[in-house]
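To find a chain, count down the sequence lines: A is the first, B the second, and so on, and within it residues start at 1. Note that the structure is predicted; figures quoted are calculated from it, not measured.
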Amino acid sequence: MPGRFALTAAPESVARCFGLAAIDDFPPRPAILPTQPIMVVLGGRAERAEAFADGPAAQLVRWGLIPGWFKATDRLPAMFNAPAETAAGNPAFRGAMRHRRCLVPATAFYRRTGGRSRTGPLSRFSIEDMPVFAMAGLMEPYMAPDGSEIDTAAILTVPARAPDAGLVDRLPVILRPEDFGRWLDCRHREPGDVADLFRPFCAADFSVETAG
DNA sequence: CCAGACGTTGTT
DNA sequence: GTCTGG
DNA sequence: CCAGACGTTGTT
DNA sequence: GTCTGG
């Protein structure tokens, strides 16, 4: 449940990690917050019916998924995370889970740690042998009342495993490069075919430092 | 059948 | 849109 | 997560 | 301080 993450790698580095044919330049972003634009990587035409590009492509979307059926008069929901355990059946995430699974490139994410009081220190999580890593995400287009369409996204989370339960309650789903293809292939893989990917790294797999 | 709900995490 | 509760 | 508002009434 | 909206 990162409520904050970072993407400070160079654009070429991100392009290489995700097999992107092209990438727009972007500045280092040490503190990315909900409702801000985030980069997502989606599958190409072979993997996704709505895709334009041949291969995986990056685009910017609003961090905070708005279900397509939300009415303008409703309060905008702040769905910046989605619990992976129930996402496939949840009306808010169901369509995206089936048709618009994506990757969210990051170099670190932030969480409060230490007990259930949730008043612990802010900790920075990174992965030593993966300077750029991928969080599993869901993308959903939203048609605004004025006719403009904005693309939105949420990051999937899972409960921390037993050894980490005292440190953090939930962690984002992190995908390994060998699983990118299967996750992004919404044409041939249904939610049930990718549910095995919903396991967190163990906190021991992260480098955790106190952060401001 | 219709009416109404449908979501997250959290103390920078 | 789609599911649940009444 | 942060930024910004923070009023009125009401009585199963 | 605490809630809401983004």
Side-chain angles (χ1 to χ4, degrees), chain A residues 1-8 27-40 49-50 60-102 104-126 135-146 148-161 164-174 186 190-192 198 200 203 206 208-212:
Chain A
M1 53 210 227
R4 168 174 162 183
F5 69 95
L7 181 61
T8 54
R29 296 178 64 196
I32 301 171
L33 302 171
T35 71
Q36 293 181 357
I38 61 173
M39 181 188 302
V40 300
E50 303 158 358
L60 288 176
V61 303
R62 173 192 189 266
W63 185 14
L65 187 149
I66 305 174
W69 40 263
F70 251 78
K71 296 177 188 69
T73 51
D74 295 338
R75 228 176 51 242
L76 279 181
M79 302 185 209
F80 40 91
N81 291 113
E85 313 92 289
T86 55
N90 187 320
F93 305 122
R94 184 188 158 120
M97 191 67 183
R98 183 171 193 75
H99 299 294
R100 288 173 305 277
R101 301 190 297 264
C102 65
V104 183
T107 50
F109 61 87
Y110 293 81
R111 285 255 25 218
R112 284 208 180 260
T113 52
R116 44 189 66 221
S117 66
R118 294 174 185 172
T119 54
L122 187 67
S123 295
R124 178 184 191 271
F125 291 72
S126 57
M135 298 186 286
L138 302 174
M139 194 275 268
E140 177 86 1
Y142 173 71
M143 184 68 75
D146 64 4
S148 64
E149 186 180 279
I150 62 172
D151 290 325
T152 70
I155 295 169
L156 287 158
T157 66
V158 280
R161 282 190 276 174
D164 308 325
L167 180 70
V168 287
D169 45 7
R170 299 184 72 84
L171 291 168
V173 174
I174 308 290
C186 301
E190 306 201 353
F198 295 159
F206 294 104
V208 185
E209 332 160 34
T210 304

Is the shortest side-chain N/O distance from A:N90 to OP1 or OP2 of B:dG7 below 4.0 Å? yes

Calculate, to the nearest 0.5 Å, the distance between atoms CD1 and CE belonging to A:I38 and A:M135 respectively. 7.0 Å

Are A:T35 and A:R62 packed together at the side-chain level, in the sense that at least one heavy-atom pair is separated by less than 4.5 angstrom? yes

Measure from the side chain of A:R111, starting at C-beta and using heavy atoms only, and say which of B:dG7, B:dG10, B:dT12 lies closest. B:dG10

In this structure, is the centre-to-centre distance between the rings of A:F109 and A:F206 below 6.0 Å? yes

So the contacted stretch of DNA chain C, first to last nucleotide with an atom under 4.0 Å from a non-hydrogen atom of chain A, runs from C:dG1 to C:dC3

Give A:P67 one of three labels, base, sugar-phosphate or nothing, depending on what nucleic acid heavy atoms sit under 4.0 Å from its own. nothing

Heavy atoms of A:W63 and A:I32 approach each other most closely as CZ3-O, 3.4 Å

Just grab all the salt bridge (charged side-chain N to carboxylate O under 4.0 Å, His left out) pairs involving residues 31-40 of chain A, residues at least two apart or on different chains. none

Could you tell me how far B:dT12 sits from D:dC2 if I compare only their C1' atoms? Round to whole Å. 7 Å

Is there side-chain contact between A:E140 and A:F70, with heavy atoms separated by less than 4.5 Å? no

Under the criteria of a ring-centre distance below 5.5 Å and an interplanar angle below 30°, is A:W69 stacked with the base of B:dC6? yes

When you compare B:dG4 with E:dG6, how far apart are their C1' atoms, in angstrom units rounded to a whole number? 25 Å

Are the side chains of A:P191 and A:R98 in touch, meaning some heavy atoms are under 4.5 Å apart? yes

What distance, rounded to whole Å, do you find between the two P atoms, one in B:dT9 and one in C:dT2? 25 Å

Between D:dA3 and B:dG10, how far is it from one C1' atom to the other, in whole Å? 16 Å

On a heavy-atom basis, which atom in A:F5 and which in A:A108 lie closest, and how many Å separate them? CB-O, 3.2 Å

Residue A:N81, side-chain atoms from C-beta onward, closest of B:dT8, B:dT12, B:dG7: B:dT8

From the set B:dT12, B:dG7, B:dT9, return the single nucleotide nearest to any side-chain atom of A:T157. B:dT9

Partner of A:V40 under side chain to side chain contact (heavy atoms under 4.5 Å, CB included), chosen from A:V104, A:D151, A:T152, A:L138: A:V104

Every stem of 3 or more Watson-Crick or G-U pairs under 3.5 Å that DNA chain D joins, in order of first number, is D:1-6 with E:1-6

OP1 or OP2 of B:dT8 sitting under 4.0 Å from any side-chain N/O of A:R170? no

